[in-house]
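Residue numbers start from 1 in every chain, and the chains themselves are labelled A, B, ... in the order their sequence lines are given, proteins ahead of strands. Just so it is clear, the values below take in all heavy atoms, side chains as well, and ignore hydrogens, waters and symmetry mates.
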Amino acid sequence: MIDTVAIEKKWKDYWFNNNIFAFKKGDKNYTIDTPPPTVSGKMHVGHAFSYPQQDFIARYKRMKGYNVFYPWGFDDNGLPTEKFVEKERRVTIDNTPLKDYIEICREVSRESEKGLYQAWYDTGISADFKNYIDTSSDFSIKISQEMFLDLVAKKRAYRDEAPYITCPTCRTAISQIEMKDAIISTELVYINFNGIEIATTRPEMLGACVAIFVNPDDERFKKFIGTTVNVPVYGYPVKVMSDPSIDMEFGTGAEMLCTFGDQHDLELWKKYGIKARIILKNNRINDGSVIINMPIKDARKKIIDELQSKNYIIKIEKIKHSVNTHERCGTPIEIGISKQWYIKDLDIKNELIEFGNKIEWVPGHMKIRYDNWVTGLKWDWCISRQRYFGVPFPVWYCDNCGEIILAGNEELPVDPRLDNKKRKCEKCGSDNIVPETDVMDTWATSSLSPTLYLKHINQMDLYPMDSRFQGHDIITSWAFTTILRSYLHYGEIPWRKIVISGNVYDPFGQKMSKSKGNIVEPRAIIENYGADALRYWASTTMQGENIKLREQDLMRGRKTVIKLENSLKLIMMLANNKKPGNTIPEFPVNRWITTKMERTIKEVTEYMENNEIMKARISLDKFFWNEYCDNYLEMIKNESSKDDRRDETLSTAFSVFENILKMYSPIMPFITEELFHQANPSFSGSIGLEPYPEFDGQMIYNEENEVDYIIGVIDKIRNLKSQMKLSMAAPLDILKLHGDAKIIQKYDYILEGMMHINSMEIINSEDTYIEN
RNA sequence: GGGCUUGUGGUCCAGUGGUUAUGACGCUUCCCUCACACGGAAGAAAUCGCCGGUUCAAAUCCGGCCAGGCCCA
C-alpha cells in the first residue's frame with residue numbers, strides 16, 4: 001500500500017529547503033493577500049477546506065508562468081491572544097505589570113507560531129513560510145501606527161465618546177465575550193414618575209436617567225409618548241420615548257433609560273443618540289447633588305429613602321433577575337463612556353460601494369453582503385479597544401489643556417503606556433502629559449494586510465494585490481475594513497479579486513463544535529487519507545459553497561492517488577523502466593488520446609482561469625479515469641509490443657501521463673511531484689514550477705471520431721462478455737460484427753488484442769451490433 | 001423583520017430553456033484480464049420541494065408558498 005506519509009514528508013521538506021515557493025519579482029506577478037491564522041487557535045477543518053482552495057490558484061498561476069507572491073502571516077493581536085495566554089501561563093493583567101504582560105503575550109505568540117504553521121505546511125500549502133509577518137511584531141506595529149497617523153493627518157481619525165464595559169472589582173476593561181449572565185435576587189421598585197409609572201431594578205441610577213421608554217404598541221402609554229416628565233428627587237426633565245424592544249409585561253411596561261444600567265440602556269442610548277449622564281464609576285455613585293461618592297448599596301438605600309419620603313414609591317417587589325457579570329469574578333459589570341478614536345467613513349458610502357464594484361467577487365452574489373453592510377452603516381468605525389495586547393495608539397494627551405500629542409514617524413513603533421520620554425505640551429507648555437491607554441481594534445491592523453505583506457518585501461509597487469481569499473463570515477469586518485483603509489490611504493482598491501470560501505459541516509449538515517463532539521482534526525485526515533486526498537476533497541465543491549465532511553469523499557481522492565501511481569507503474573513496465581523520447585503521434589490511437597488530451601487541456605484551463613476548480617477537476621478525472629486508463633491504456637497494453645508502433649505509443653503514453661500529472665498537481669501536489677520525479681529520475685526541479693500544459697489546436701486529429709466509434713464497438717463487446725458472465729480476458733473464438741466495415745477493419749488489431757478475439761467476421765451495416 | 005442562498009435517484013453533488021437529466025458514494029450481478037479488487041464490466045434506482053404562470057418547449061425563466069442555511073436588524 002502506498003505510503004503517503006513518507007511521500008508527503010519528502011516533498012514538503014524538499015519544497016521548503018529548496019525555497020521552491022520563494023517570491024522573486026518578475027514581469028508577470030501574482031500577489032495573494034493570505035489570511036493570517038490566529039495564534040490562539042489551531043488548524044480546523046474549515047482551514048483545511050479553504051486554504052487548499054487558495055493554494056490551487058497559487059500553484060496554477062505559478063505553472064502559468066507567474067511569479068507568485070503567496071506570503072505567510074500570523075494574527076496574534078487582541079483578546080483571543082490575551083485569553084490564550086491567560087490559559088497557558090495563568091497570567092492576567094490584574095497580577096502582572098503591563099510591560100511584563102505584553103512581553104509574555106509576545107513570547108507565547110512566537111512560541112505558538114513555531115508549531116502552528118506546521119499544519120498548513122503538512123497540507124501542502126505553497127506559501128513562503130520562511131518569509132512571514134506577524135501582527136504584533138515591531139514591524140507591524142510601526143506600519144499600523146504610521147497608517148493611523150496618516151488618518152489623523154487626513155482628518156479621518158477623530159475622538160468622540162463611546163461606551164466601555166468594566167469590572168468594578170477587577171478594575172479592568174472587559175469585552176462582550178468575557179461576560180456571562182447570572183440570576184440574582186433583587187428588588188423591582190415601582191416609581192411614580194410625576195404621572196407615568198415605571199419600574200426599575202436600579203433605583204440608585206435615578207440620577208443617570210436620561211429618558212423614559214415604553215413600547216410603541218402599548219395602549220396604556222401611547223398618550224405619553226413625546227411628552228416630558230420630571231425625574232423625581234432630581235427634578236430635571238426627560239422625554240418619554242418608544243421602542244419596540246421594551247417588554248410590556250415587565251414591571252409597569254415603562255422603563256427608565258439610565259446611562260448606563262445595563263446593555264439594553266446602551267443599545268437604546270446608541271440608537272437614539274441621547275446625551276449621557278454618567279454618575280457610576282468604580283462601584284461608586286456620584287451625581288454631584290443627591291449622592292456624593294457613595295458605594296452602590298448605600299446610594300440605593302439613600303435614593304429609596306428619598307423617594308419614599310416624598311411618596312414617589314408605589315411598591316417594591318422581590319424578583320429574580322438576569323444581569324451581566326464578569327465571568328471571572330461574578331461582579332455585575334459597569335458601563336461608562338470615554339473618549340475613543342473613530343475612523344470617519346459614513347460620508348464616503350458611495351465611494352466604498354463604487355470600490356466594491358471595481359473588485360471581482362467570487363461568487364458574485366457575495367458582493368451584495370458588502371453592499372448591504374456599507375449601505376446600512378450607522379456609525380463611524382470605533383477603533384479603540386480597552387485591551388492590553390494590541391497596537392498602541394501613538395498618542396498622548398495634555399492633562400492641562402487637552403491637546404492631542406502625536407508621536408513623530410521617526411519614533412515608531414512606540415508604546416505610550418511604557419514610554420519614559422519626557423514630553424511637553426506644545427500648546428500650553430505643560431509637562432503633565434498622559435498616554436493613551438487604549439489599543440487599536442485588531443481589524444485596524446488586519447485591514448492593512450496588503451500593505452503589511454508588500455512593505456515587508458519592499459514591493460509596494462505591486463499594490464493593489466491580485467487576490468484576497470477569505471470566509472463569508474468576515475465580509476463585513478475584514479473585507480470591508482481592508483477596502484475602507486485602502487480607499488482612505490491610497491484611493492485605490494486593495495485587490496482586483498476577492499474569493500469567498502464556504503463552511504464545513506458534519507455529514508448531517510450540522511456545524512462542528514466541541515459540545516456536539518463531531519469535530520474532525522485535519523491532522524487525522526492527513527494521517528488516514530493523505531494530504532492529497534484532503535485537498536481533492538476541498539476541490540469537490542463550487543467556490544463559496546458549503547461542504548459536508550464525509551469519509552467516502554476523502555476516499556475518492558485517495559483512490560485517485562493510487563490510480564495515478566498504478567498508471568505510471570504500468571507504462572514504466574511496458575517501457576522497461578525507460579521513458580522514451582518525444583515523438584509526434586501518427587498512429588490513430590495515439591492521435592486519438594492526444595486529441596482528447598488537448599480538448600481536456602482547453603477545458604481544464606478555462607475552468608481554472610474562472611476559479612471553477614471543481615469543474616476543472618471533474619473534467620480531468622473523466623479524461624484520466626475513462627479515456628486514459630479504461631480505454632487508452634487498455635488498448636495499448638496488449639498491443640504495444642508490436643515493434644513498428646512501440647516507441648511512438650510509449651512516448652505518447654508518457655507525455656499524456658505527464659500532462660495529466662501537471663494538471664493534477666495544483667490539487668494533489670505530493671503524488672504528482674513524486675511520480676513526475678519517478679518518471680524523470682534526473683529531474684531536479686519541481687512539477688509545481690513546470691509550465692502548465694498549453695492547448696495546441698494542431699494536435700486535434702480526425703482519427704478522434706473513428707476511435708470513438710471503435711470504443712462504442714468495444715463497449716458492445718464488453719457488454720456481451722458481461723452478459724455471458726465472462727471475464728474480459730476470456731477469449732472469443734469467433735465474433736460476427738455488423739457495422740462500419742471500413743473503420744472496423746482499420747482497427748481490427750485493437751479489437752482483437754484488447755478483447756481477446758481469435759477471429760472476427762465483419763459485416764458492413766448501418767447499425768452496429770453483434771450477431772449471436 | 002430585511003437581505004442573500006439552497007432544495008435534482010437512498011446519500012452527496014453537476015446541469016440554468018430544446019434529443020433517452022451528469023457523475024460520485026451506496027446497492028445488485030458478473031469478472032482475481034500479467035498496473036490497480038481502494039480495480040474492471042454490466043445493472044436497478046429521480047413525476048428535478050409544492051402550486052400557478054410565460055413559452056411550440058421549463059429541472060432551467062417569472063410569481064406565490066413550504067422547508068433548510070447564512071448575514072444583518
Minimum-distance nucleotide (side-chain atoms of [X] versus [options]):
{"X": "A/Asp630", "options": "B/G40, B/G3, B/G15", "answer": "B/G40"}
{"X": "A/Trp373", "options": "B/C70, B/C25, B/A73", "answer": "B/A73"}
{"X": "A/Met573", "options": "B/C34, B/U11, B/C4", "answer": "B/C34"}
{"X": "A/Arg369", "options": "B/C25, B/A73, B/C70", "answer": "B/C70"}
{"X": "A/Asn566", "options": "B/C70, B/A35, B/U5", "answer": "B/A35"}
{"X": "A/Lys548", "options": "B/C13, B/C70, B/A41", "answer": "B/C13"}

Inset, instruction - Assess whether salt bridge (charged side-chain N to carboxylate O under 4.0 Å, His left out) is satisfied between A/Arg535 and A/Asp55, documenting all intermediate values. - result: CA-CA 9 Å; A/Arg535 296 170 61 102; A/Asp55 197 52; 2.7 Å; yes
Inset, instruction - Decide, yes or no, whether a salt bridge links A/Glu606 with A/Lys615 under the criterion of side-chain N to carboxylate O below 4.0 Å. - result: no
What integer distance in Å separates [X]:[atom1] from [N]:[atom2]?
{"X": "A/Tyr536", "N": "B/C25", "atom1": "OH", "atom2": "C1'", "value": "12 Å"}
{"X": "A/Asp371", "N": "B/C4", "atom1": "CG", "atom2": "P", "value": "11 Å"}
{"X": "A/Glu603", "N": "B/G23", "atom1": "CD", "atom2": "C1'", "value": "14 Å"}
{"X": "A/Leu574", "N": "B/A35", "atom1": "CG", "atom2": "C1'", "value": "9 Å"}
{"X": "A/Asp553", "N": "B/G26", "atom1": "CG", "atom2": "P", "value": "10 Å"}

Name the pairing partner of [N], where a pair is Watson-Crick or G-U wobble with both distances under 3.5 Å, or state none.
{"N": "B/G26", "result": "none"}
{"N": "B/U19", "result": "none"}
{"N": "B/G63", "result": "B/C51"}
{"N": "B/U33", "result": "none"}

Inset, instruction - Report yes or no: is there a donor-acceptor pair, N or O only, under 3.5 Å between the side chain of A/Lys563 and the base of B/C36? - result: yes
Legend entry - B/C70 versus B/U55 - spacing of their C1' atoms, nearest Å: 35 Å
State whether [X] places a side-chain N or O below 4.0 Å from either non-bridging phosphate oxygen (OP1 or OP2) of [N].
{"X": "A/Ser567", "N": "B/C36", "answer": "no"}
{"X": "A/Lys511", "N": "B/C70", "answer": "yes"}
{"X": "A/Lys637", "N": "B/U33", "answer": "no"}
{"X": "A/Lys367", "N": "B/C4", "answer": "no"}
{"X": "A/Lys622", "N": "B/G23", "answer": "no"}

Inset, instruction - State, to 0.1 Å, how close A/Trp361 and A/Gly356 come at their nearest heavy-atom pair, and which atoms those are. - result: NE1-O, 2.9 Å
Legend entry - Heavy-atom pair of closest approach, residues A/Asp345 and A/Asp380: N-OD1, 3.0 Å
Legend entry - salt bridge (charged side-chain N to carboxylate O under 4.0 Å, His left out) assessment of A/Lys579 paired with A/Glu658: CA-CA 11 Å; A/Lys579 183 183 137 185; A/Glu658 286 186 356; 2.9 Å; yes
